[in-house]
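The next block holds one structure in the form of C-alpha cells; read it before the comments.
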Amino acid sequence: MPEGRFADGRHAGVLVPLCSIPSRISWGIGEIPDLPRFARWLDEAGCDFVQLLPVNEMADGQNSPYSALSAMAIDPIYIAVSDVEEFIAAGGEVALPDADRGALGQARVAPRVAYDTIRRIKSRALRAAFDRFERTEWQTHSSRATAFLDFMERERWWLDDYTLFRALHQEHAGRYWLEWDDGLRDRQPEAIEHARVRLAREILYRAWLQWTADEQWQRARRYATPVGIFGDFPFVVSAHSADVWARQQEFRLDASVGTPPDAFSPTGQDWGLPVYRWDVIARGDFEWLQQRARRSAALFDGFRVDHLVGFYRTYFRERDGRAAFVPSDEPSQTMQGERILSVIAGSGAYIVAEDLGSVPDFVRESLARMRVPGYKVLRWEREWNVEGQPFKDPATFPAVSLATSGTHDTETLAGWWDEAPLAERTYAVALPSLHAAGCDPSLPFDDSLRDALLRELCGGGSNLVVVPVQDIFGWRDRINTPAVVDDINWTWRMPWPVDDLIVEQLPRERASFLRELSSACGRDLR
C-alpha cells in the first residue's frame, strides 16, 4: 500500500529532531538549511533517510512539537534568517542591535536549545525583514512579490484559515479562542470579514513567513538528495489551533484524548487534547485528514503516523472521569482505521505506523493486510508468553516493518541497559550478534555492546531500520521524558555543529562503522 522509493528494498535512517542539529551559522537551533548538512553525514554513513519529529508551529512558551498551533504551518523558529534576502540586504547580523547580537552569541554556544531567546531574536529580525520586503518587493510588484502571490494562491486551502487565526492569536495576546468575542469565536461571516480587513498586514506577514519557510524547505529537500526526509503526522493538534477553530464541528472540546491504563501507566494518560467527532468527520469524507496528508506529502518523502491505534479507536475521558472508546465496537474500529489509513496513504508519500503501547491484535492484523509497516522496538520484542520472556531474534521480524532501538519518548539504549535487571540483560546477550561479541550481562554499557546491538538491529528482517542519533554514539541524553514539563525536555542538541560532523574524528568513525554495517546488511543502496 505505501508508495515511493522507500516501498521497496532495505533502508537505514537516523532519528533526530530538527532543533537538535544546529550548524555554525544557525541561530542556536537546527534550521531548515541544516538538513542538507546533516544529510551529507548520513550519506557518508550509508543511510538514506532522516526521520524528524513534527516541525509544526508550536504554541507560545512550548518546546514540545506535539503542542501545535497548526497541523499545516512550519514553525518560523526553523527559518534561517541569515538566508532571507531582505535580512541580508539590511546588513545581516552586524546590523542587529547590540543586545540581540549578544543574546544570539550566547544561544549559539548554549548546551541546550534556548527557545525563548531564539524565538524573541528571530521574531524581531523577521519582522524587520518583512518590513523591507513590503517596501522593496510587495509595493513594487517585483518578481519576488509575484512568487509570494503564487504561493498564497496555491496554498490558500490551508493558509487562509491559518494566517487569520495566527493574526487573531497575536491580537488577543495568545488567549484561547473560546475566550474571544462571540463573532470571532463562532466564525460569524461579518466578524471574520472585519478581522481580515483590520488585520490585513499581520495576515500578510504570517503568510510571508510560511512562504519563506517553504522556499527554504523545498531547497533543502533538493540539496539533501539522495537522502530522503521523513516527517511525523501527529494524531491531533491542540484545541487552541487554527484547525480546531476552523473545524469546530469536527471536535469535542468537553472531553479529552488519552490512553487506557497499561503496563507503562497504571492510571492511563490524559493528554488534554480535543476528541475527534468521527461520525461528523466521516460524513465529510475525512477532508481535514486528506488535507493534512496532502500537506505532509508536499514536505516529506515519507512520514510516521503517530498513535496509529487512535485512528482505529480513540480513547477519551469525559470531564466526570468516565472513559470510553470511539467507535465502540471492533468491526467499526477496523472499518474506520482502514479507511483513514487509505486516506493518508492516498497522499502518495511513504507511511509507517507507530503502533506501540496497548494495541489490540486486530489493529496489527489490519496493518499486515494493508502492508503498512509497524514498529519493532528491539527491547520490547520479546516472547512475552514464554517462560523468562526471551528476546525475539530480529531476523524473524517481517520485511514490512520498521525496526528501531528506541523512540523520542524512550530512554536511550545506554539508559535502558543501565536500568535493566540482570535477567533481562542475560536474555538480551543471547541474541546472535551480542552472543558472538561475547557481551557480558553483568558489565556496564560500553562501545562493544553498543555496536553489537546496532548489528543485531540492522541485520534483522525489517526493510526499514531507524536509529535515534544518541544510540549511534551510545549517549544517555534523552529527547523527551513523557509527562514532564521543564526546561530540559525537547532541548537536547548535538555536541558538535552539524557542519562539523564530516570532519570531527568520532562522527567520522561512526559514519564509517554505519556504512560498513549498512553495506553488509544490504541497506547501503549507493
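The model shown is predicted, which means the values in this text are computed figures rather than measured ones. Excluded from the calculations below are hydrogen atoms, water molecules and symmetry mates; all remaining heavy atoms, backbone and side chain alike, are included.
- Taking the six-membered ring where tryptophan is involved, the planes of Phe230 and Phe6 are perpendicular, since the angle between them exceeds 60° and thus also 30°.
- In this structure, Asp254 does not pair ionically with Arg319, as no charged nitrogen and carboxylate oxygen lie closer than 4.0 Å.
- Within the model, atoms CZ of Arg322 and CZ of Phe316 stand 8.5 Å from one another, a figure rounded to the nearest 0.5 Å.
- Looking at Arg24 and Asp34, no side-chain N of the basic residue comes within less than 4.0 Å of a carboxylate O on the acidic one, giving no salt bridge.
- Between Glu31 and Pro22, the closest side-chain pair of non-hydrogen atoms is not below 4.5 Å.
- Remark: side-chain polar atoms of Thr410 are not paired, donor with acceptor, to backbone N or O of Gly406 under 3.5 angstrom.
- Put simply, the side chain of Gln336 never gets that close to the backbone of Pro327: no donor and acceptor are under 3.5 Å apart.
- Pairing each heavy atom of Ala125 with each of Leu96, the nearest pair is CB-CD2, 4.3 Å.
- Arg166 has no carboxylate O lying under 4.0 Å from a charged side-chain N of Glu171, or vice versa, which leaves the two without a salt bridge.
- Remark: the backbone N or O of Ile77 is paired with a side-chain donor or acceptor of Asp75 at under 3.5 angstrom.
- Residues Glu354 and Arg304 are paired through a salt bridge, judged by an N-O separation under 4.0 Å between the basic side chain and the carboxylate.
- Under the 3.5 Å distance criterion, the side-chain polar atoms of Arg108 are matched with a main-chain donor or acceptor of Ile25.
- No side-chain N or O of Gln470 forms a donor-acceptor pair with one of Thr412 less than 3.5 Å apart.
- Within the model, atoms CD of Gln210 and CH2 of Trp158 stand 4.0 Å from one another, a figure rounded to the nearest 0.5 Å.
- Residues Asn480 and Pro482 are in side-chain contact: their nearest non-hydrogen atoms beyond the backbone lie under 4.5 Å apart.
- The two residues Leu159 and Phe151 come nearest to each other via the heavy atoms CD2-CE2, 3.8 Å.
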Leu308 vs Val363, side chain to side chain contact (heavy atoms under 4.5 Å, CB included): CA-CA, chis, key distance, verdict: CA-CA 9 Å; Leu308 181 278; Val363 172; 3.5 Å; yes
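- Here Arg175 does not pair with Asp60 in a salt bridge; the nearest charged N to carboxylate O distance is not below 4.0 Å.
- Here the CD atom belonging to Glu57 is positioned 8.0 Å from the CG atom belonging to Leu209, to the nearest 0.5 angstrom.
- Looking at Asn56, its side chain does come within 3.5 Å of a backbone N or O of Ala71 through a donor-acceptor pair.
- Partner of Phe251 under the side chain to side chain contact (heavy atoms under 4.5 Å, CB included) criterion, out of Gln249, Arg247, Gln248: Arg247 alone.
- With Thr146 contributing its side chain and Ser142 its backbone, the two residues share a donor-acceptor pair below 3.5 Å.
- Using a 4.5 Å heavy-atom threshold, the side chains of Pro360 and Arg313 count as touching.
- A salt bridge links Glu318 with Arg252: the closest approach of a Lys/Arg side-chain nitrogen to an acidic carboxylate oxygen falls below 4.0 angstrom.
- Annotation: cation-pi geometry satisfied between Arg187 and Trp245 (NZ/CZ under 6.0 angstrom from ring centroid, within 45° of ring axis).
- Counting heavy atoms from C-beta outward, Tyr115 and Met58 have side chains that approach closer than 4.5 Å.
- Under the 30°/60° scheme for interplanar angles, the aromatic rings of Phe148 and Phe133 are found to stand perpendicular.
- Ring pair Phe303/Phe233: centre-to-centre distance below 6.0 Å.
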Run the salt bridge (Lys or Arg N to Asp or Glu O under 4.0 Å) test on Asp301 and Arg221 for me, step by step, so that the C-alpha distance in whole Å, both residues' side-chain angles and the decisive distance to 0.1 Å come before the verdict. CA-CA 9 Å; Asp301 297 287; Arg221 281 189 71 182; 3.0 Å; yes
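- At least one donor-acceptor pair under 3.5 Å links the side chain of Gln218 to the backbone N or O of Ala298.
- Under a 4.0 Å N-O distance rule, the pair Asp182/Arg185 qualifies as a salt bridge.
- When atom types are taken as modelled, the side chain of Thr481 and the backbone of Val484 share no donor-acceptor pair closer than 3.5 angstrom.
- In this structure a side-chain-to-backbone donor-acceptor pair under 3.5 Å is present from Arg493 to Ala110.
- Look at Glu193 and Arg196 and you find no salt bridge, because none of the NZ, NE, NH1 or NH2 atoms lies under 4.0 Å from a carboxylate O.
- Using the six-membered ring where Trp is involved, Trp208 and Tyr205 have ring planes that are parallel, under 30° apart on the 30 and 60° scheme.
- A salt bridge does not link Arg132 with Glu137: none of the charged nitrogens is closer than 4.0 Å to a carboxylate oxygen.
- Closest of all the heavy-atom pairs between Cys47 and Val14 is SG-CG2, 4.2 Å.
- A salt bridge links Glu85 to Arg144: one of the charged nitrogens lies within less than 4.0 Å of a carboxylate oxygen.
- Note: Phe165 and Trp180 have tilted aromatic rings, judged against thresholds of 30 and 60 degrees for the angle between ring planes.
- Contact check on Asp131 versus Arg201 returns a salt bridge, with a Lys/Arg side-chain nitrogen under 4.0 Å from an Asp/Glu carboxylate oxygen.
- In this structure, the side chains of His408 and Trp490 come closer than 4.5 Å at one or more pairs of heavy atoms.
- Separation of atoms CG (Asp355) and NZ (Lys376) is listed at 7.5 Å; rounding is to 0.5 Å.
- Contact check for Tyr223 versus Arg40: no side-chain heavy atoms found under the 4.5 Å cut-off.
- Within the 4.5 Å cutoff, the side chain of Leu289 has heavy atoms near those of the Ile340 side chain.
- The residues Arg206 and Glu202 are annotated as salt-bridged, a charged nitrogen and a carboxylate oxygen being separated by less than 4.0 angstrom.
- Aromatic rings of Tyr78 and Trp27 (six-membered ring for Trp) have centroids beyond the 6.0 Å cut-off, not under it.
- Not less than 6.0 angstrom separates the ring centroid of Phe235 from the ring centroid of Tyr66.
- In this structure, SG in Cys19 is found 7.5 Å from CG in Leu53, a value given to the nearest 0.5 Å.
- Taking 4.5 Å as the limit, some side-chain heavy atom of Lys122 sits within range of a side-chain heavy atom of Ile29.
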Let me see the working for Leu299 and Ile74 under side chain to side chain contact (heavy atoms under 4.5 Å, CB included), right down to the final yes or no. CA-CA 10 Å; Leu299 297 175; Ile74 295 173; 4.1 Å; yes
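- Here the CZ atom belonging to Phe300 is positioned 9.0 Å from the CD atom belonging to Gln51, to the nearest 0.5 angstrom.
- Considering all non-hydrogen atoms of both residues, Ala349 and Gly302 come closest at CB-CA, 4.3 Å.
- A distance-only check finds a donor-acceptor pair linking the side chain of Thr404 to the backbone of Val466 [under 3.5 Å].
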Kindly indicate, with the supporting measurements, whether the criterion side chain to side chain contact (heavy atoms under 4.5 Å, CB included) is fulfilled by Glu338 and Ser366. CA-CA 7 Å; Glu338 294 187 353; Ser366 172; 2.7 Å; yes
Show, in sequence, the C-alpha distance, side-chain angles and deciding distance for Thr314 and Phe325, and conclude whether the side chain to side chain contact (heavy atoms under 4.5 Å, CB included) test is met. CA-CA 5 Å; Thr314 303; Phe325 287 106; over 6 Å; no
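- A pairwise comparison of heavy atoms in Ala293 and Ser347 identifies O-CB, 3.3 Å as the closest pair.
- Nearest heavy atoms, Leu501 versus Phe38: CD1-CD1, 3.7 Å.
- Remark: Arg292 qualifies as a cation-pi partner of Trp288 under the 6.0 Å distance and 45° angle criteria applied to the six-membered ring.
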